[in-house]
Amino acid sequence: MRIFIDTASLKEIKEAYDLGILDGVTTNPSLMAKEGITGKQAIKDHYKAICESVGDGDVSAEVISTDYAGMIREGEELAEIHPNIVVKIPMTRDGIKAIRTLSDKGIPINCTLVFSAGQAILAAKAGAYLLSPFIGRLDDTNWDGLELIDRIVRIYDIQGFDTQVLAASIRTSLHIVQCAEAGADVVTCPMKTIEGLFKHPLTDIGLEKFLADYRKGNPEK
Ligand code: G3P
């Protein structure tokens with residue numbers, strides 16, 4: 001399973017990349033706004049900087065247009081920024097048409113804002129490279145986000161679809177583990193949920209004891 005970071009913060013991306021476990025980045029208009037990145041050129045420059053921070057990792061960059069022609073124009077512009085760019089297209093009627101067209105042109109697509117298995121089937125049929133079901137937002141509405149990941153993974157497996165399941169809207173470190181168990185191909189996570197994977201009190205207690213025992217035998221060190 002690949003691990004992406006879900007942020008537009010260059011500082012967080014560097015921190016995660018330096019851990020040696022990062023496979024890519026996802027952004028969205030809300031995350032770009034959170035970093036104060038506004039204006040067409042500044043946004044493009046920021047995507048370029050992100051791409052240059054993650055080796056050959058995928059970087060999802062989302063279109064703002066909601067009509068087919070606008071998505072195609074924007075998708076092509078985004079894809080030109082850097083070879084790492086994966087164009088993020090929302091799961092709408094125009095979005096599905098745009099996914100088909102851009103995928104046929106060889107531009108990798110991440111279909112976003114997916115909340116049902118039916119939407120997942122449409123995106124796969126249209127040729128999406130990645131599919132982003134939002135599990136946290138489903139949990140927020142009393143639907144089971146993990147169950148959706150499990151269902152889509154099974155459908156893609158049974159049907160032999162190549163589209164990869166990228167579990168998004170991850171809220172907890174446990175979500176990451178559960179997505180791995182469900183067979184998600186990728187998880188995209190806020191930094192704090194990646195950091196949560198490190199933590200176990202017995203690790204801290206064990207290390208403290210090892211070091212204390214070492215110091216007893218090596219008082220000068
Ligand atoms: O990748 C999608 C993600 O950014 C949405 O997360 O926490 O806003 O539901 P959240």
Side-chain angles (χ1 to χ4, degrees), residues 1-13 15-17 21-38 43 46-47 50-51 53-54 57-66 71 74-75 78 84-92 95 98-99 108-117 119-120 123-124 128-150 152-153 163-180 182-197:
M1 183 178 75
R2 288 189 288 164
I3 296 181
F4 291 178
I5 188 165
D6 194 30
T7 185
S9 158
L10 289 171
K11 183 172 164 282
E12 281 185 356
I13 292 165
E15 210 180 317
Y17 188 72
I21 51 90
L22 190 69
D23 300 298
V25 177
T26 53
T27 64
N28 61 40
S30 305
L31 293 170
M32 293 293 271
K34 193 174 160 201
E35 294 307 306
I37 314 296
T38 54
I43 289 172
H46 198 73
Y47 281 138
I50 292 176
C51 289
S53 311
V54 292
D58 288 340
V59 175
S60 287
E62 188 158 343
V63 300
I64 306 302
S65 305
T66 54
M71 286 181 188
E74 244 190 281
L78 288 170
N84 291 12
I85 291 282
V86 175
V87 175
K88 217 171 171 187
I89 305 263
M91 171 61 228
T92 60
I99 290 169
I109 303 297
N110 175 355
C111 178
T112 190
L113 289 167
V114 171
F115 294 93
S116 77
Q119 292 177 329
Y129 159 57
L130 297 170
L131 178 92
S132 293
F134 279 30
I135 63 174
R137 290 192 195 183
L138 269 176
D139 287 357
D140 289 344
T141 58
N142 202 28
W143 289 64
D144 189 340
L146 247 304
E147 197 175 83
L148 178 63
I149 298 296
D150 185 55
I152 297 171
V153 167
T163 303
Q164 293 187 31
V165 179
L166 185 166
S169 185
I170 296 269
R171 299 281 169 75
T172 66
S173 309
L174 183 58
H175 266 160
I176 300 174
V177 176
Q178 289 169 324
C179 285
D185 300 286
V186 193
V187 281
T188 188
C189 328
M191 189 63 191
K192 69 174 188 319
T193 63
I194 296 175
E195 275 164 354
L197 295 176

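We count ligands from 1, going down the list as the structure has it; atoms in each ligand are counted the same way. In this text, all values refer to a predicted model and were calculated from it rather than measured experimentally.
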Only counting residues at least two apart or in another chain, list the ones meeting ring pair (Phe, Tyr, Trp, His ring centres under 6.0 Å) with Phe115. Phe134

Per the side-chain contact (heavy atoms from CB on, under 4.5 Å) rule, which among Ile152, Thr112, Leu146 passes with Pro133? Ile152

Against His175, only a single residue in Ile149, Val187, Thr193, Ile170 fulfils side-chain contact (heavy atoms from CB on, under 4.5 Å); can you say which? Ile170

Distance only, no hydrogens: is a donor on one side chain within 3.5 Å (strictly under) of an acceptor on the other, for Thr26 and Thr188? yes

Polar pairs, ligand 1 vs protein, N/O only, below 3.5 Å.
residue: ligand 1; atom: 1 (O); partner: Asp6; partner atom: OD1; Å: 3.2
residue: ligand 1; atom: 1 (O); partner: Asp6; partner atom: OD2; Å: 3.1
residue: ligand 1; atom: 4 (O); partner: Asp6; partner atom: OD2; Å: 2.5
residue: ligand 1; atom: 4 (O); partner: Asn28; partner atom: ND2; Å: 2.9
residue: ligand 1; atom: 7 (O); partner: Arg171; partner atom: NE; Å: 3.1
residue: ligand 1; atom: 8 (O); partner: Arg137; partner atom: NH2; Å: 2.8
residue: ligand 1; atom: 9 (O); partner: Arg137; partner atom: NE; Å: 2.7
residue: ligand 1; atom: 9 (O); partner: Ser169; partner atom: OG; Å: 2.7
residue: ligand 1; atom: 9 (O); partner: Arg171; partner atom: NH2; Å: 2.8

Indicate yes or no for a side-chain donor-acceptor contact from Asp6 to the backbone of Pro190 under 3.5 Å, with no hydrogens or angles considered. no

I'd like to know if the side chain of Thr163 and the backbone of Ala128 have a donor-acceptor N/O pair within less than 3.5 Å. yes

